[in-house]
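Chain letters run A, B, ... following the sequence lines, proteins first and then strands; every chain starts at 1. Please read these numbers as outputs of a predicted model, since none were measured by experiment.
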There are 2 protein chains.
Amino acid sequence: MLIGIIAQESGFSRDTIRYYEKIGLLRLPKRARRENNYKEYSPAILSRLRAIKELKKIGYTLAEIQQVIASYETGGMDCIAGKGQVLEKVRLIEEQIVQLQTLRLQLLEAVADCPDHCKIAAILDDTLMVR
Amino acid sequence: MLIGIIAQESGFSRDTIRYYEKIGLLRLPKRARRENNYKEYSPAILSRLRAIKELKKIGYTLAEIQQVIASYETGGMDCIAGKGQVLEKVRLIEEQIVQLQTLRLQLLEAVADCPDHCKIAAILDDTLMVR
DNA sequence: TTAAACGGTGGAGTATAGTCCACTGTCAAG
DNA sequence: CTTGACAGTGGACTATACTCCACCGTTTAA
């Protein structure tokens, strides 16, 4: 199929598919062309795009996706090691959540006394001392 | 003071300070030069860098910082409007937290049955159907 | 036939916040 | 004096994931 079709079927834009080819996430044989030089995308490429879509949904980066699919395709996919990596991702996410929650509290605190007392103005008073 | 000194005092790198000048977050009068053409940074610039540092700590982007400082300096700082903006930031943060928590659960779910059942492999089985 | 959509390529741009590189001039310390 | 650090400028690079632009050829539908 042509790129417009596979774009439609996969839910990725043509530009995104070309980008994935450029970074090696998708591989098209050089001979996969029509007579007019248009690229012929096989159903296998569509499958791969669907895999990419699913993995992106659970937070995998493109680099990680490339790695996971490569392992899978060479039959060397190690669920134990994969679990370790996933748990590491979970840990990073938990860290992020804590940071966001801290930030949230700080912001709420900043406006708690508004308009009687404005913490942002206080910061600026303390640092700029211009008023 | 010279850039090395203000970098030291402010905790920002020289490159960062130059970057802030470039994007207009810091403004140096053209005449603020020594005889050898080295830039002379006034204490006011240091104050401003300190303000930037504090605002970054509570999650403000550089664009937001530029805006807030500008308002403050023109005496037009509106605590009420500022509160609205802050609460909007809080809302976005809360959204992010929810997304991260969802993602966390999904990832934990993905490895829950590992190594008996590997969800990642299942995704790849479903999509790639190559094994 | 014509115009618009589609396809191709190469490359730059976007967002955000820096960071690094190349080159030149100045300053300070050994 | 010499060398290394410091300062300046312009511009490219980094990270991540696209998206847009310019230009050219092909296809499609009115």
I want to check one thing: is the phosphate of [N], taken as OP1 and OP2, less than 4.0 Å away from some side-chain N or O of [X]?
X	N	answer
S13(B)	dT19(C)	yes
Y20(A)	dC18(D)	yes
R33(A)	dT9(C)	yes

Side chains of E21(A) and Y41(A): is there a donor and an acceptor less than 3.5 Å apart? yes

Salt bridge E88(A)-R91(A), side-chain N to carboxylate O under 4.0 Å: yes

Note: for K22(A) and Y38(A) on DNA chain D, the residue whose nearest nucleotide lies more 5' is K22(A)

Quickly work out the [X] [atom1] to [N] [atom2] distance and round it to whole Å.
X	N	atom1	atom2	answer
I3(B)	dC27(C)	CD1	P	16 Å
R14(B)	dC20(C)	CZ	P	12 Å
K39(B)	dC6(D)	NZ	C1'	14 Å
I23(B)	dT14(C)	CD1	P	15 Å
N36(B)	dG8(D)	CG	P	9 Å
D15(B)	dC13(D)	CG	C1'	12 Å
E40(B)	dG8(D)	CD	C1'	15 Å
L25(A)	dT16(D)	CG	P	14 Å

Of all heavy-atom pairs between E64(B) and G59(B), which one has the smallest distance, and what is that distance? OE1-O, 4.1 Å

Test item: E40(B) side-chain N/O and R33(B) main-chain N/O as donor-acceptor pair under 3.5 Å: no

Minimum-distance nucleotide to R18(B) side chain [options: dG8(C), dT9(D), dT26(C)]: dT9(D)

